[in-house]
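Only one structure is covered here, and it is reproduced in the block below.
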Number of protein chains: 2
Amino acid sequence: MAISIFIVDDHYMVIEGIRSLFQHEKNVVWLGHATNAASCLAFLKQQLPDIILLDINLPDKSGIDLCKEIKTLYPTVCVIGLSTFNQQSFIEKMMANGASGYVLKNATQKELMDSFETVMKGRAYLSHEVAQMLRSNEAADDAPVLTRREKEVLELIAEGLTNNEMAEKLFVSASTIDTHRKNLLMKLNAKNTAELVKLALIKKLISFS
Amino acid sequence: MAISIFIVDDHYMVIEGIRSLFQHEKNVVWLGHATNAASCLAFLKQQLPDIILLDINLPDKSGIDLCKEIKTLYPTVCVIGLSTFNQQSFIEKMMANGASGYVLKNATQKELMDSFETVMKGRAYLSHEVAQMLRSNEAADDAPVLTRREKEVLELIAEGLTNNEMAEKLFVSASTIDTHRKNLLMKLNAKNTAELVKLALIKKLISFS
DNA sequence: AATCATATCCCCGAAAAACATGAATTTCAT
DNA sequence: ATGAAATTCATGTTTTTCGGGGATATGATT
C-alpha cells in the first residue's frame, strides 16, 4: 500500500528536491506541499496524508508549534521533523510535541524511505547522525532553578558589574547582592565568578550579548 | 547564450531541488553536481561551468575554503554561496574569498535566475534577505589576537582556577599569570573576570565545556 | 643594530569577591 | 493561616583580583 506524504517547508529547493526523489517511487504518493503553517492547516482540512514532512523553520510559526497543533487535531498523522542542522534542543522539542521522527535534509532517498516505513509501523525514526549526536550529548539539562532576583544578578555579573554597582542599580544593599552571589555559586556549583559565568552561558541561564 | 551551472552541496534534496527548478529552463545548462569538495575539484579539471553554486557546509571542507581554492585555480568561474540561514560571518567570509553572490536555499527560481544573470554580468548578487540582514547587523567580529599563553590562561580562568592554581599548573609564577590576566582584560576590553569570560565565549576564543 | 612581540618575573595598594554566620521580612501556595 | 521559599540586610575575615608601576630574556623581523 502506498504511503501518502505532504511536505511543509519554505524552501522551494527542499520541496522540489524531495518531490524529485520520490517522483518515480510507486509506493509514495505526493499529495502536495505548503510553504507556511497556515496553508498547511488549510490543506489538512481537505485531505489527510499518512506522513507530514515538517520543517522546523517556517515563516509564520515554528514547525515545533505546528507539530503540536497537527497532532492535537489529527492524532493519526505521522509527523517527521525536517532540518538542516541537528540541533538537539529542536529535536527534543519536536519529539516532545508528538513527532514520529526527525531527519536531516542531507538524507538520502533510501534514508527517507526508511523513515517513512519506520514511522508507518508506529516506531520513532531518527537519522543516524541525529541519533549519534543525541547520544554524545547527554550534557547538562541540569540547569538549576533560579529565582527572579538571582537571574537579574547573574545577568549583571556577566556584564561586569561589581556588587556595589549592582546594589545601586537594583536599589538594595551590597550585602544582598553578596548573598545572591553566594547562592548562585552554590546552585551552579561554581568555584568562582569566572566559572559561574561560563556555566551560566552553557546552561543558557543567560543569553549572549 | 545558455549559462552552465554546477552545484556543490551534500544535501541531496537541495541538488534535486535546484535541478528540478531549472530542468525546463533552456537558458541554463546543468553540468552536474558534487557532494564534497574533492569531487568538485576533480570535476573542474574536466570541465568549467560558468557558475558554481556552493554550499557553505561540506563534509570534507568548508565551502568558504573551497571557494578560495576555486577562485585561485579558476579565476573566471563565478561562485555563488548557498546556505540555509543567513549568518553574517559566513557571508562575509564567502565574499572575501571571491564569491560573486550569496543566496539562501529558500530562494525562488526567479531569484536564482536573477542571481545567475547578475553575476554573469560581473556584478555581485545578494539575496534580498541577506542584504537586509547585513545592513542591520554591523555587529562586531572584532575578536582580538591572543598569544598561545594567553589562550591557555583564558581557558583556565574560565574553568575557575585562581592565579595560584594556574601558576602551579603551568609551572610559572603567579605574577606571570597575573600579567597575562591583565593583558587579557585589556585585549578584550573587559571590566573584570566575569565580563572577560562572557566576551571570550561570545567571540569564541574559548569553547563550551 | 635596533625594534617588536612574547613570555617571564616582581612590588604595591586598593578593590572586589569568597567564606562564614546570623537574622528579619515579604511573598505565595497549600 | 501556616510554612516554605525568597528577598533582604549585617558583620567580619581571608583570598583573589585589579590597576599602577617596572624589569629581564628570547627570538623573530627589519
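Every chain is numbered from 1 and lettered A, B, ... according to where its sequence line falls, protein lines coming before strand lines. Model, not experiment: these values are computed from the prediction. Reckoned from all heavy atoms, side chains included, excluding hydrogens, waters and symmetry mates.
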Expressed as a whole number of angstroms, how long is the span from [X]:[atom1] to [N]:[atom2]?
X	N	atom1	atom2	result
L146(A)	dA5(D)	CG	P	16 Å
L185(B)	dC18(D)	CG	P	5 Å
E195(A)	dT17(D)	CD	P	13 Å
L188(B)	dC18(D)	CG	C1'	15 Å
K151(A)	dA6(D)	NZ	C1'	13 Å
N164(B)	dT15(D)	CG	C1'	9 Å
L154(A)	dT7(D)	CG	P	13 Å
L184(A)	dT7(D)	CG	P	11 Å

Between T35(B) and D10(B): side-chain donor-acceptor atoms closer than 3.5 Å: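 No pair is found: no donor N or O on one side chain lies under 3.5 Å from an acceptor on the other.
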Please output the side-chain donor-acceptor pairs of residues 60-68 of chain B that fall under 3.5 Å, not counting sequence neighbours, one pair per line with the distance.
residue : atom : partner : partner atom : Å
D60(B)  : OD1  : A37(B)  : N            : 2.9
D60(B)  : OD2  : A37(B)  : N            : 3.2
D60(B)  : OD2  : A38(B)  : N            : 3.1
K61(B)  : NZ   : E69(B)  : OE1          : 3.3
K61(B)  : NZ   : E69(B)  : OE2          : 2.7
S62(B)  : OG   : I64(B)  : N            : 3.2
S62(B)  : OG   : D65(B)  : N            : 3.1

Stepwise side-chain contact (heavy atoms from CB on, under 4.5 Å) check, L146(A) with L188(A): CA-CA 10 Å; L146(A) 301 186; L188(A) 292 236; 4.2 Å; yes
Salt bridge flag under 4.0 Å for residues K198(B) and E195(B):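 No salt bridge links K198(B) with E195(B).
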Other residues, nucleotides, ligands: >12 heavy atoms within 6.0 Å of E117(B) CD: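 Yes, because the 6.0 Å sphere around CD of E117(B) holds more than 12 heavy atoms from other groups.
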Heavy-atom neighbours of K191(B) NZ exceed 12 at 6.0 Å: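 Yes, NZ of K191(B) has more than 12 neighbouring heavy atoms, counting only those of other groups under 6.0 Å.
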Nearest atoms (heavy-atom pairs only) where V145(B) meets K187(B):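 Shortest heavy-atom contact: O-NZ, 2.9 Å.
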Sole residue of D9(B), V8(B), L54(B) in side-chain contact (heavy atoms from CB on, under 4.5 Å) with L82(B):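 Of D9(B), V8(B), L54(B), side-chain contact (heavy atoms from CB on, under 4.5 Å) with L82(B) is met by D9(B) alone.
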side-chain N/O N163(B) vs dT17(D) OP1/OP2, d < 4.0 Å: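 Yes, N163(B) has a side-chain N/O under 4.0 Å of OP1/OP2 on dT17(D).
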Derivation of the side-chain contact (heavy atoms from CB on, under 4.5 Å) call for I18(B) and L53(B): CA-CA 10 Å; I18(B) 296 187; L53(B) 287 170; 3.9 Å; yes
Sorted by number, the residues of residues 168-183 of chain B with heavy-atom contact under 4.0 Å to DNA chain D: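 Result for residues 168-183 of chain B: D178(B), R181(B), K182(B), sorted by number.
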Chain A contact limits on DNA chain C, taken 5' to 3' with a cut-off of 4.0 angstrom to heavy atoms: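 So the outermost contacting nucleotides come out as dA16(C) to dT21(C).
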